[in-house]
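Presented below is the structure to which this report refers.
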There are 2 protein chains.
Amino acid sequence: MSDSDALAEKFTQALRDSGIRITRQRAALVDIIAQSEDHPDAVELHRRAADAVPGISLSTVYRTLSALEEHGVIQRLQFEGDTARFEHADLDHHDHMIDVDSGEVVEFQSEEIEALQDALAASMGYEIVHHRMELYVRKTRGKPKS
Amino acid sequence: MSDSDALAEKFTQALRDSGIRITRQRAALVDIIAQSEDHPDAVELHRRAADAVPGISLSTVYRTLSALEEHGVIQRLQFEGDTARFEHADLDHHDHMIDVDSGEVVEFQSEEIEALQDALAASMGYEIVHHRMELYVRKTRGKPKS
DNA sequence: GTTCATGCAAATTCTTTGCATACCC
DNA sequence: GGGTATGCAAAGAATTTGCATGAAC
C-alpha cells in the first residue's frame with residue numbers, strides 16, 4: 001500500500017510544484033493511477049474515481065488525464081483498434097506485449113533493443129525523443145522449441 | 001511507372017483470387033496505393049481517388065481500405081495523435097521514424113532489433129504475430145556528438 | 001475574494017452502417 | 001440476372017469544448 005501512496009505523493013508534489021490546483025477529483029485520479037497495475041482507459045478510470053468522488057464527470061477525467069500526461073505523471077497508450085489506455089509514468093521505461101488471444105498486456109524492457117534504436121536513429125541524423133514498441137503475441141503452443 | 005503497375009497488378013490479382021469484386025473504385029484505390037510513396041490517410045486517399053473516379057464516396061474509401069487491409073494489401077498505421085494512415089504492404093517489413101518537428105515519416109528496418117524481439121518474446125513463452133515500432137525523433141543539432 | 005476547475009450538454013472528429021440503387025461477374 | 005458494392009445520410013464511439021457555477025489557494 002505505502003508503495004503506491006509514495007508514488008501518489010510524488011505525483012501530487014510534482015503537480016503542486018507546477019502550479020496546478022489539487023482538487024478532490026485530481027487527487028482521487030492520482031491515487032487511482034498510482035495504485036493501478038493494469039492499463040485502464042478513461043471510462044474505467046471514471047468508474048473507479050466515482051467511488052471516491054461521486055458525481056465526477058467524464059470530461060473532468062479526460063481533462064485531468066491530459067494534464068497528468070503533460071506533467072509527465074502518466075503515459076498514454078494506444079493499442080491497435082482500442083481506445084486510449086493509461087499507466088503511471090514510473091522510473092523505468094518499458095514497452096508492451098499484447099496477447100492477441102486474451103488481450104492481456106505484459107510489460108517488458110530490453111536495453112539491447114533501446115541501444116540499437118538509439119544507434120540507428122543517430123546513424124540517420126536523429127535523436128529519439130520517445131518511442132513506442134508493441135509486440136502483438138500469442139502463447140507458444142506446447143513446449144518452447146527444443 | 002511499371003514498378004507500381006506491377007505492384008497494383010499483384011494486389012488486384014490477390015483480391016480477384018479471394019473472390020472480391022474489382023470495381024472502378026477499388027481498382028483506382030489499388031493503383032493509388034501502389035503508387036504512393038507517402039503515408040496518406042483516408043481523406044487524402046479519397047481526394048486522390050476522386051480524380052480517377054469522380055463522385056467516389058468517403059464511405060467507399062473506408063470500406064475499401066478495410067477490405068485491402070484484411071487481404072494483406074495494405075498496412076494501417078496509427079501514429080500518435082493522428083488519424084489512421086495507410087501504406088501498401090510491400091515485401092519487406094519496416095518500421096517508422098516520425099520527425100516530431102516536421103511530421104516527416106522515415107522508414108527503416110533493423111534485423112538485429114527484430115531478432116531481439118523474437119528472442120525476447122520466445123523467452124516469455126510467446127511468439128510474435130506482428131509488431132509496431134515507432135521512433136519519435138528530432139534532427140540532431142550541429143554535428144553528431146564527437 | 002480571485003481565479004481556476006468542474007459538470008453538463010453540445011460540438012467535433014474519425015469511422016462505421018442501413019438502405020435503396022447501380023454495377024461487376 | 002443475381003448478388004455484391006456504392007452513395008448518401010445518419011449513426012456511433014471517443015474525445016474535446018463553451019459556459020455558468022463551485023471550489024481551491
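By convention in this document, chain letters (A, B, ...) are assigned in the order of the sequence lines, proteins followed by strands, and residues within each chain are numbered from 1.
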* **B:Y136-A:H131 aromatic ring centre distance below 6.0 Å** => no
* Quickly work out the A:L15 CG to C:dA5 C1' distance and round it to whole Å. => 14 Å
* To do: Using only heavy-atom distances, decide whether a donor-acceptor pair under 3.5 angstrom links the side-chain of A:T64 to the base of C:dA5.
  => no
* OP1 or OP2 of D:dT15 less than 4.0 angstrom from a side-chain nitrogen or oxygen of A:S59, does that happen here? -> no
* Could you give the CZ-to-P distance, from B:F79 to C:dC14, as a whole number of Å? -> 16 Å
* To do: May I ask you to verify if any side-chain N or O of B:Q25 is less than 4.0 angstrom from the OP1 or OP2 atom of D:dG7?
  => yes
* Asked: Starting at the 5' end of DNA chain C and moving along, which residue's nearest nucleotide shows up first, B:R76 or B:I20?
  -> B:R76
* Output the distance between atom CG (A:L7) and atom CZ (A:F11), rounded to the nearest 0.5 Å. => 3.5 Å
* To do: Would you kindly compare A:A42 and A:R63 by the position of their nearest DNA chain D nucleotide and give the one closer to the 5′ end?
  => A:A42
* To do: Could you state the atom-to-atom distance from CG of A:L58 to P of C:dT6 in whole Å?
  => 13 Å
* Structure fact -> Rounded to whole Å, the CG-P distance (A:L29 to C:dG7) equals 10 Å
* Selected nucleotide, minimal atom distance to A:T23 side chain, candidates D:dA5, C:dT6, D:dT15 -> C:dT6
* Hey, which of these two, B:S66 or B:R24, hits DNA chain C nearer its 5' end, going by closest nucleotide? -> B:S66
* Verify whether the ring centers belonging to B:H96 and B:F79 lie closer than 6.0 Å. => yes
* Of all the nucleotides listed (C:dG7, D:dT15, C:dT3), which has the minimum atom distance to the side chain of A:R21? -> C:dT3
* Structure fact -> A:I22 atom CD1 is separated from C:dC4 atom P, nearest whole Å, by 15 Å
* To do: Round to the nearest Å and state the distance from A:E70 atom CD to D:dT16 atom P.
  => 11 Å
* If you round to the nearest 0.5 Å, how far is CZ of A:R21 from CG of A:L15? -> 14.0 Å
* To do: Would you please indicate if the ring centroids of A:H130 and A:H93 are separated by under 6.0 Å?
  => no
* **Whole angstrom value for the distance that separates C1' of D:dT4 from CZ of B:R16** => 15 Å
* Asked: Has A:R26 got a side-chain N or O lying under 4.0 Å from the OP1 or OP2 atom of C:dA5?
  -> yes
* Write down the distance between CG (A:L65) and P (D:dA14), rounded to a whole number of angstrom. => 15 Å
* Considering just the side-chain nitrogens and oxygens of A:T60, establish if one lies under 4.0 Å of OP1 or OP2 belonging to C:dA5. => no
* To do: Kindly point out which of D:dT15, D:dA24, C:dT16 is positioned nearest to the side chain of B:Y62?
  => C:dT16
